[in-house]
Amino acid sequence: MQTIRGFRDILPKHIPLWQKVEKEATCLFEAFGFKEIRIPILEKTELFARSIGEVTDIVEKEMYTFPDRKGDKLTLRPEATASIVRSYIQHKMYATDPVRKFFMIGPMFRRERPQKGRYRQFYQIDAEIFGVESAYIDSQLIYLLNELFKRLGLSGLSAHINSLGCPKCRPSFQKALLDFLESKKSRLCDNCTRRMDKNPLRILDCKVLDCKEAIADAPATLDCLCKECEDHFNTVKATLEKQGVDFIVDKSLVRGLDYYTRTAWEIQTTTLGAQSAVAGGGRYDGLVKELGGPQTPAIGFAIGFDRLVEVMEQIDKAPEEKPLDLFIVSLGDTAMEKGYLWSCKLNQAGIRTEMDFRGKSMKALMKRANKLNTQYVLIAGENELTENTIILRNMNTKEQVSLSLETLIPELIKILKK
RNA sequence: GUGGGUGUAGCUCAGUUGGCAGAGCGCUAGGUUGUGGUCCUGGAUGUCGAGGGUUCGAGCCCCUUCACUCACCCCA
């Protein structure tokens with residue numbers, strides 16, 4: 001038996017790093033006024049089809065979709081935004097507070113071919129803000145991401161930003177793009193010619209060399225922005241500059257989900273092979289209304305948690321493991337029983353204590369104590385029990401002291417709490 | 001969905017022309033009868049990914065298949 005393809009166990013030795021990231025992210029989110037939200041892993045398929053877009057790869061071929069016993073079509077969430085928007089509308093959150101900020105951390109599911117930094121169950125750290133149209137919020141989210149990566153000790157990441165325009169400027173852009181593509185049609189790859197009808201925007205993001213050359217001077221959304229979108233984007237850039245956040249304007253950055261408008265960005269790394277995006281986000285001013293809520297500007301991002309951890313592992317950012325406080329070496333049945341009772345009391349007092357119940361030799365127990373990286377060892381044998389004194393050995397200094405049996409526990413707590 | 005690479009002990013990997021299944025680490029026991037790390041000596045652990053074929057004989061050659069992995073695609 002083994003895990004199914006693209007799914008994996010995250011083993012205890014990797015957990016400290018995951019927890020470190022979670023801790024830093026949560027701390028930062030709270031400082032910026034975000035509240036945690038927890039959403040279901042399963043939703044109606046329709047939610048994702050409508051929000052992400054029917055002709056996207058995610059919806060067309062990557063979702064885990066199946067009928068439940070009553071025949072409803074359900075899908076394991078491939079991303080968080082759609083569910084958070086659904087929740088926002090369902091609970092009429094716009095009615096109680098015009099501005100809401102959420103974050104969540106959890107698994108997403110996409111049935112892609114696995115490779116480095118890409119799994120079928122992968123984790124995202126997600127943040128969304130509803131109700132703010134100002135460009136300062138766009139800057140703030142990029143700034144926040146930048147700050148998080150800085151706190152995690154990461155460098156060598158670059159922020160790529162672009163503006164995708166709004167429903168007002170998009171028609172003129174699409175026309176300009178289609179006219180241009182029509183003239184280059186013969187040079188485009190099969191994939192791109194197919195995309196022309198379905199999602200011409202994505203052609204700008206094609207990685208086939210010939211296509212890249214053919215579309216080198218294609219019209220970009222940036223060149224067709226309406227006045228409002230242009231002002232918005234300029235404010236984002238100017239603010240980031242003032243805050244000292246490095247960024248690259250990348251005309252070819254196109255988000256893969258249909259709902260994005262205006263600002264879109266991606267944080268890229270060079271250390272993960274082909275999976276360069278560790279975080280991505282953008283504005284989606286039309287989605288809340290599209291899904292049945294009131295017109296509400298919104299913006300959010302997702303961090304690829306797995307990828308982030310892999311980048312951190314490569315530069316060795318794992319926090320050091322805390323050593324064990326005490327290991328009880330007990331020799332003989334009486335000592336084992338006593339040791340067991342002591343260990344529970346110490347655990348209960350918050351002291352990390354371990355012992356071994358396999359009836360091993362003293363040498364074997366000392367070896368195990370050493371392996372567990374313990375600070376102290378309590379040696380309890382027949383001799384000690386009859387003499388009412390127990391030996392406490394400091395494993396670093398090799399010093400040993402005798403403790404009286406009557407006052408053992410309080411005495412130990414006193415010494416070990418230091 | 002498409003291509004490349006790799007599958008041998010718990011882990012990392014050797015394995016020559018087809019001829020007894022190996023090393024290091026780890027685990028374990030002892031040296032030291034009740035004191036760890038270093039050192040020394042011993043021990044255990046294998047469906048050589050699976051199935052078939054060729055051969056007196058296959059870890060090695062051939063076929064099939066599965067898994068893992070990297071890349072394309074796409075994205076976090």
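Note: hydrogens, waters and symmetry copies are ignored here, and every other heavy atom, side chains too, is used. Naming: A, B, ... by sequence-line order, numbering from 1 per chain. The model shown is predicted, which means the values in this text are computed figures rather than measured ones.
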Does B:U64 pair with anything, Watson-Crick or G-U wobble, both distances under 3.5 Å, and if so, with which nucleotide? B:A50
Under-3.5 Å donor-acceptor pair between A:E112 side chain and B:A76 base: yes
Roughly how many Å is it from CG in A:N383 to P in B:U33, rounded to a whole number? 14 Å
I need the CG-C1' distance between A:L331 and B:U35, as an integer number of Å. 10 Å
A:Q2 near the nucleic acid: base, sugar-phosphate alone, or nothing, with a heavy-atom cut-off under 4.0 Å? sugar-phosphate
With A:R8 as the cation and A:Y119 as the aromatic partner, state whether NZ or CZ is under 6.0 Å from the six-membered ring centre and within 45° of the axis. yes
Answer yes or no: does atom CZ of A:F66 have more than 12 heavy-atom neighbours from other residues, nucleotides or ligands under 6.0 Å? yes
Once hydrogens and angles are ignored, does a donor-acceptor distance under 3.5 Å link the base of B:C68 to the side chain of A:R8? no
Are OP1 or OP2 of B:A71 and a side-chain N or O of A:Q115 less than 4.0 angstrom apart? yes
Interatomic distance, A:N394 CG vs B:G36 C1' [rounded to whole Å]: 13 Å
Between the base of B:A76 and the ring of A:F122 - centre-to-centre under 5.5 Å, planes within under 30° - is that a stack? yes
What nucleic acid atoms does A:I125 come within less than 4.0 Å of, heavy atoms only: base, sugar-phosphate, or nothing? nothing
By the 4.0 Å heavy-atom rule, please label A:A302 as base, sugar-phosphate, or nothing. sugar-phosphate
